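Here is the structure we will look at, set down as C-alpha cells.
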Number of protein chains: 2
Amino acid sequence: MATLKEIAEKANVSICTVSRYLSKNSNLKQATEEKVKKAIEELNYIPNNVARSLKTRRTNNIAVVLPKINNLYYSEITSGISEVLKKHHYNLFIVEFEHHRDEEGEILLTLLENMMAGVIFLGLSGDTSFHESVAMLQQHHLPFVYANRMIPDKEYSLIYPDYRQAGELATEHLVSQGKRHLAMITQSVSRLDLQQHIGGFIGKAQEYGIEVGEHQIFRQEEHVFDQEFIHGLRQKKIDGIFATNEMTALSLLKGLLNQGVKVPEEIAVIGFGNSLLGTLATPELTTIDLQNAKLGSLSAEKLLRQIDGVEGDTITILKPHIIVRKSS
Amino acid sequence: MATLKEIAEKANVSICTVSRYLSKNSNLKQATEEKVKKAIEELNYIPNNVARSLKTRRTNNIAVVLPKINNLYYSEITSGISEVLKKHHYNLFIVEFEHHRDEEGEILLTLLENMMAGVIFLGLSGDTSFHESVAMLQQHHLPFVYANRMIPDKEYSLIYPDYRQAGELATEHLVSQGKRHLAMITQSVSRLDLQQHIGGFIGKAQEYGIEVGEHQIFRQEEHVFDQEFIHGLRQKKIDGIFATNEMTALSLLKGLLNQGVKVPEEIAVIGFGNSLLGTLATPELTTIDLQNAKLGSLSAEKLLRQIDGVEGDTITILKPHIIVRKSS
DNA sequence: TTGTATGCGTTATCAC
DNA sequence: GTGATAACGCATACAA
C-alpha cells in the first residue's frame, strides 16, 4: 500500500502538499497538482481511513444493533438504513444482540472501542436493563437513535410508528367490514409499543360500543393455531382478528384455512408489516403497513443530523397506513 | 476518553507497562499490576481500536458484500456469518451491492481504505465484470471468500452447495412420487449455479428415461402464475415442478391453488431454501434445504482460517438435503 | 520486571 | 503556494 510519504517522494513535494491535493479545497499550482496526480496514479494510492480516523478522531462507521438480521422486519429496516448511509458515504456495521444480559456491556464497549460515529438500536425493548448501559454512550458523546421502540422516562432520540393509531386503524377497518366480535393476537403485553397497539385497538372498539375483554387478547407464545384454538374462536363468536406480527397473521390464516373457516366471511384477519409474504398468503393478507424501509431511512437521516449537530434528541412518529387485500 | 498516557501518569508507570498489562501475556509485578488496574478502572479506560489498528496494520472488521440484506436468503447466510464472527471477536460490516457497474470500484476501494481483515461475497454472479475488479483485492492481499457462487477459471476461495446434486435430489423425489412429466422454474440460465441445477435435474431425469425439453424450463421473470400459465402446465401434462427459489415456489403454489389444481395429487411442487415461509404455505412446501445459516458460518470460518494463514484458496462444497412436506 | 524511543499514515498548526 | 513538524493512541524493539 502506497502512502502519502511515497507519493510525496515520487512527486518531489512534501507530504503536506499531497494531503492538500487529496482534500481538494486548498489551491495548488497547476504544475504541482499534476505532478501529484501522476504519482498517485502510478503508485496506485489508496487512502488509509484508519490513520485518518485516528487523526481526525472520527470514523464514517455507523452501527445498527438489532436482535436478528435474518428477520424480514429488521432486515427491511436495515435496508432502508443502508441506502441512506451509502448515499452519505457512511459504512454500515451490524451487531446482532439477543438479550443475553451479559452481552450488553461488551457490545456497547465494542461500539466505543471502534469509534462508531453513531448507533441505531432496532427493536430493543423498553423493559430490559439495556437502557442503563446505554447511558454510558451519552457520557462518551456517541450519538444514537432508538428505532421502533418507545423508551419511558428517557429523553433519547426516538423514531417509531404511531402504535396506537395502528391499533385504531385495525379496529376501524374490521368494524367497517361489519365485524363486531374482535380479538387480538400479540406478543409480550409488557412492551410499551404493544400496550399502545392494544390500547388503540380496544379504545377505538369502545367508541363503537364494542367490548374487547381480556380473554380476547391472546398472547402469541401461548397458542398454536390448531383445531382447539380455532374452536375457541368460534365459540366466542370472534369474527375479526388483529395480529401484531406478520408471521403470526400468516400462521393464523393457515390455521383457519385448515379448519375450514372462511376468511374473511366468517373471520377476518388483519396483520402487520408489508413484506412480500402478505401477497403470497391465501387469502392475501390485509395489513397495517409500518413502512419498515422508510422507518430505516428516516432513522438513518435522523442519526446523521445528530452527528452533524443540527438536531438534538427528538421524537419522530410515523403514520401507519392500511393495505386492504383479501383477508378482511 | 482516557488514553494509555493518562493511565500511565495516574499509576506512576510507563505507557509501555500499561500496554503490557492490557495485552495480558507479559508478566508484571503484582504491585504494579494492581496500580494499573486501579487507574484503568478509575479513569474508565476504553481501548482505542483505531489506533491499535493503525499500529498493528490490521482490523477485526470483516465485510459481507451482498445484493440486498432484506432478502431472507442473504440475511440467513449473514446471520450464520454473524454468529461465527462474534465468537471470534470480529465485527461485521455490510455492503449492499446491486450490480451497478459504476459501484464496483468504489465498493472495493472502501473495503481497502477501511482495512478490512477479509471479505465474503454473497450471490455475486459469475457473469459480471466484477471478478476483474476483484483481482485488485488479491494484489492488496485482502483475503476473501465467494459464497454460493461458482466462479469459472479462477482459483479463489469458494464455498457453495452442490448445485447439481440439488437438482438431482429434486428429480429423484418427484419420480419417487410417481411423477413423470417434470418442469422447472428458474432464474437466469446463464448463471453457472443455475446451469448446474438444470443439469442435475435434467440429467437425473434422463437416467429414469424422462425427457425434460427446453419448453419445460421456465424462466421465472417471464411468467406470472396466472390462469394462462397453469393452463399451459395442464396441457403439457406437467405433474411435477421444481422451483429454484423459495418465493417463486410459494407464488406458484398460490397460483395452482387459485386455479383449483390439487397439490400434490395433480401437480407436485418442490422448492428451495428452508425458511419459515415453507411451513406457512398451503400446502406446506417440500424443499431442498441449502442450509443457508450453515453455509454462512462455514464461509466465515473459512475466511478466518485464510486470515490466519492456515488455509489457501480451496473449494468447499455442501451437501443439500431434501425436506419432504406436503406439496409433493 | 520496567522504561525509552520510534513509527503506523494521516491531518493540522505553524512558519516561510 | 509550499514545507517542517507535531500530534492522534497504541504496540514494540531495544535498553536498562
Side-chain angles (χ1 to χ4, degrees), chain A residues 1-37 39-40 43-61 109-110 112-117 140-142, chain B residues 1-40 43-61 109-117 140-142:
Chain A
M1 291 276 246
T3 67
L4 284 194
K5 194 176 168 194
E6 296 173 51
I7 307 287
E9 281 164 8
K10 180 137 195 150
N12 258 318
V13 294
S14 75
I15 294 181
C16 182
T17 302
V18 183
S19 178
R20 281 202 185 91
Y21 171 83
L22 289 170
S23 55
K24 299 296 177 195
N25 52 358
S26 350
N27 31 356
L28 306 182
K29 207 165 62 187
Q30 183 86 21
T32 46
E33 192 158 296
E34 271 166 24
K35 271 195 302 185
V36 173
K37 185 179 177 194
I40 284 180
L43 290 182
N44 233 305
Y45 172 72
I46 293 177
N48 184 327
N49 251 334
V50 173
R52 177 178 295 156
S53 289
L54 177 59
K55 182 62 192 172
T56 61
R57 312 179 53 60
R58 60 183 305 281
T59 68
N60 291 310
N61 302 334
L109 209 60
T110 301
L112 290 169
E113 284 180 356
N114 291 284
M115 290 192 14
M116 290 294 141
H140 291 274
H141 305 103
L142 176 47
Chain B
M1 291 276 245
T3 67
L4 283 194
K5 195 176 167 195
E6 296 174 51
I7 308 286
E9 281 164 6
K10 180 137 194 152
N12 258 319
V13 294
S14 74
I15 294 181
C16 180
T17 303
V18 183
S19 177
R20 282 203 186 90
Y21 171 83
L22 289 170
S23 55
K24 298 299 177 193
N25 52 357
S26 350
N27 32 357
L28 306 182
K29 208 165 63 186
Q30 183 86 21
T32 46
E33 192 158 293
E34 272 165 21
K35 271 194 303 183
V36 174
K37 185 179 176 194
K38 187 154 160 280
I40 285 181
L43 290 182
N44 233 303
Y45 173 72
I46 294 177
N48 184 327
N49 251 332
V50 173
R52 177 179 293 156
S53 289
L54 177 59
K55 180 65 193 170
T56 60
R57 311 179 54 61
R58 59 183 305 279
T59 69
N60 291 311
N61 302 332
L109 209 59
T110 301
L111 300 179
L112 290 169
E113 284 180 355
N114 291 284
M115 291 191 17
M116 290 295 135
H140 291 274
H141 305 103
L142 176 47

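Naming convention: chains lettered A, B, ... in sequence-line order (proteins, then strands); numbering from 1 in each chain. Quantities reported herein were computed from a predicted structural model and do not represent experimental measurements.
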Any donor-acceptor pair under 3.5 Å linking the side chain of B/Asn48 with the backbone of B/Val50?
-> yes
Rounded to the nearest Å, what distance is computed from the CG atom of residue B/Leu112 to the C1' atom of nucleotide C/dG9?
-> 16 Å
Which nucleotide in the set C/dT11, C/dT1, C/dT13 lies at the smallest distance from any side-chain heavy atom of A/Cys16?
-> C/dT13
Quick one: NE2 on B/His140 to CG on B/Leu109, what's the gap to the nearest 0.5 Å?
-> 8.5 Å
OP1, OP2 of D/dG9 versus side-chain N and O of B/Thr3: anything below 4.0 Å?
-> no
Compare the minimum distances between each of C/dA12, C/dT11, C/dC8 and the side chain of B/Lys55, then state the nucleotide with the smallest one.
-> C/dC8
Under 4.0 Å between a side-chain N/O of B/Tyr45 and OP1 or OP2 of D/dC10, yes or no?
-> yes
Give a yes/no answer on whether the side chain of B/Ser53 brings an N or O atom under 4.0 Å of OP1 or OP2 in D/dC10.
-> no
Ignoring hydrogens and geometry, is there a side-chain-to-backbone donor-acceptor pair from B/Ser19 to B/Ile15 under 3.5 Å?
-> no
Send over the distance from A/Glu33 CD to D/dG1 C1', rounded to a whole Å.
-> 12 Å
Considering only side-chain heavy atoms of B/Asn48, which listed nucleotide, C/dA12, C/dT10, D/dG9, is closest?
-> D/dG9
Atom pair distance, as rounded to whole Å: OH in B/Tyr21 and P in D/dG9 = 21 Å
B/Glu6 has an atom CD; how far is it from atom C1' of D/dC10, in whole Å?
-> 14 Å
Ranking A/Ser23 and B/Ala51 by the position along DNA chain C of their nearest nucleotide, the one closer to 5' is B/Ala51
Below 4.0 Å: OP1/OP2 of D/dA11 and any side-chain N or O of B/Ser19 = yes
When the nearest nucleotide of DNA chain C is assigned to B/Val13 and to B/Arg57 on a heavy-atom basis, which residue is associated with the more 5' position?
-> B/Val13
Per B/Leu54 side chain, nearest of listed nucleotides C/dC8, C/dT1, D/dT2 | C/dC8
What is the distance from CD of B/Glu34 to C1' of C/dT1, rounded to the nearest Å?
-> 16 Å
If only side-chain N and O atoms of A/Thr17 are considered, is one of them under 4.0 Å from the OP1 or OP2 phosphate oxygen of D/dG3?
-> yes
In whole angstrom, what separates B/Leu4's CG from D/dA7's C1'?
-> 16 Å
When rounded to the nearest 0.5 angstrom, what distance separates NZ in B/Lys29 from OG1 in B/Thr17?
-> 10.5 Å
Which of B/Val13, B/Asn12, B/Leu22 passes side chain to side chain contact (heavy atoms under 4.5 Å, CB included) with B/Val36? Answer is B/Val13
OP1 or OP2 of C/dT10 under 4.0 Å from side-chain N/O of A/Thr56 | no
Where the side chain of A/Thr59 meets the backbone of A/Ser53, is there a donor-acceptor pair that is under 3.5 Å apart?
-> no
Between D/dG1 atom P and A/Leu28 atom CG, what is the distance in whole Å?
-> 9 Å
Specify the separation, in whole Å, of atom NZ of B/Lys5 and atom C1' of D/dA11.
-> 17 Å
Proximal nucleotide (of D/dC10, C/dT11, C/dG9) relative to the A/Ile15 side chain | C/dT11
